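Reviewing the structure listed below.
Everything numeric in this text was worked out from a predicted model, so none of it was measured.
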Amino acid sequence: MSNSSSSIKQFLLLPFADTRELQLLHFCLFLGIYLAALLGNGLIIITIACDHRLQTPMYFFLLNLSLTDLGCISTTVPKSMANSLWDTRAISYTGCVAQLFSFLFFIITEYYLLTVMAYDRYVAICHPLHYGTLLGSRACVHMAAAAWASGFLLAVLHTANTFSLPLCHGNAVDQFFCEIPQILKLSCSDAYLREISVILVSLCLYIGCFVFIVVSYVQIFRAVLRIPSQQGRHKAFSTCLPHMAVVSLFLSTGVFAYLKPPSISSLSLDLVVSFLYSVFPPAVNPLIYSLRNQELKDAMWKLMTGCF
């Protein structure tokens, strides 16, 4: 193979199984998870869009979050299912570029949306009298648009930078989908330093968002603990717990995937960890948000009973 990425026509993804029985089991498992994610996120999107009682900033951002979850899981799972079903590892060069860009676009946008949602909860609990002013419909649209635009621009930057590198170490990707660290492993020595610099700049933005989320919740906890009635404290906490759970799941799986010690790294562990941060959150986020939200559950039930 030539020492240039231009000679690579396809990449070989890491399979979950090497026997036909396990491949079919993997296909069925991923199919079930994918359908559950489609059903859960789709139901949230339709419910919020159709129920006028849910036309609030919190549910507007939740609708956007469900869209990113659908996009994220649809980027990786269908291709992995198809490869298992047809007993192949191949993904075209163009397909790999598209998959990397799409995954980055949705995952970065989701992180920024979670940051905006932390601000929403902060204003709702710490400054309730100014909630309508600070989070009017125009402000919400602008913040959501900024999250989507930022995700798009960073995804374009990372994708263009990654695939502009010369690839000298074959075309076997040690992951079940195309992602930056695995593509960088195929690049020529020292050629990846340019992308590393871009990653470091992005990391500063991500740390800034993380600090903002933490500070927001410190202020929220202080405000909630000052509420005199136990019922009031419980109601305030119940509106924050789903967001806290989703943020914790998103950050813990992502941080472990990319910052785990090399000494414990292995192909099988990397597959499990990548599943936990790329497939698991989009499937369980709808459950987390609807489990303790009676208003959302009632609206979903009304929608489903009205359809049948």
>> Looking at Y111 and Y206, would you say the former's side chain and the latter's main chain have a donor-acceptor pair under 3.5 Å?
In response: yes
> Should L35 and L39 be counted in the same cluster of Ile, Leu, Val, Met, Phe, Trp and Tyr side chains packed under 4.5 Å apart?
Replying inline: no
> For the atom pair CZ (F27) and CZ (F16), what is the distance rounded to the nearest 0.5 Å?
Replying inline: 14.5 Å
> When the ring planes of F30 and H26 are compared, do they come out parallel, tilted or perpendicular, using 30° and 60° as the limits?
Replying inline: tilted
>> I need the L29 CG to L24 CG distance, nearest 0.5 Å.
In response: 12.5 Å
> Is L31 reachable from L22 through a run of hydrophobic residues whose side-chain heavy atoms are each under 4.5 Å from the next?
Replying inline: no
> Cut-off 3.5 Å, side chains only: do R233 and Q230 have a donor facing an acceptor?
Replying inline: no
>> Between S187 (side chain only) and L184 (backbone N and O only), is there a donor and an acceptor less than 3.5 Å apart?
In response: yes
>> Quick check for you: to the nearest 0.5 Å, what is the distance between Q55 atom CD and C50 atom SG?
In response: 9.0 Å
> Between the main-chain N or O of V77 and the side-chain N or O of S80, is there a donor-acceptor pair closer than 3.5 Å?
Replying inline: no
> In terms of the angle between their ring planes, are F177 and F103 parallel, tilted or perpendicular, with boundaries placed at 30° and 60°?
Replying inline: tilted
> Hey, does N285 have a side-chain heavy atom less than 4.5 Å from the side chain of I288?
Replying inline: yes
> Donor-acceptor pair, T68 side chain versus L65 backbone, under 3.5 Å?
Replying inline: yes
>> I want to know whether F105 and W148 have ring centres closer than 6.0 Å.
In response: yes
Taking distance alone, no hydrogens or angles, what donor-acceptor pairs closer than 3.5 Å link side-chain atoms of residues 274-281 to residues at least two apart or in another chain?
residue: S274; atom: OG; partner: Q175; partner atom: OE1; Å: 2.9
residue: S274; atom: OG; partner: D270; partner atom: O; Å: 3.0
residue: S274; atom: OG; partner: L271; partner atom: O; Å: 2.8
residue: Y277; atom: OH; partner: E179; partner atom: OE1; Å: 2.4
residue: Y277; atom: OH; partner: Y258; partner atom: OH; Å: 2.9
residue: S278; atom: OG; partner: S274; partner atom: O; Å: 2.5

>> Ignoring hydrogens, what is the shortest heavy-atom contact between Y93 and I8? Give both atom names and the distance.
In response: CD1-O, 3.5 Å
> Given V173, which of L12, I183, I91 fulfils the side chain to side chain contact (heavy atoms under 4.5 Å, CB included) condition?
Replying inline: I183
> Any idea which heavy atoms bring D51 and A299 closest together, and the distance?
Replying inline: OD2-CB, 3.3 Å
If you look only at distance, which donor and acceptor atoms sit under 3.5 Å apart when one is on a side chain in residues 125-135 and the other is two or more places apart or in another chain?
residue: H127; atom: NE2; partner: Y122; partner atom: OH; Å: 3.1
residue: Y131; atom: OH; partner: D120; partner atom: OD1; Å: 2.5

> Are L153 and L100 connected, step by step, through hydrophobic side chains (Ile, Leu, Val, Met, Phe, Trp, Tyr) whose heavy atoms are closer than 4.5 Å?
Replying inline: yes
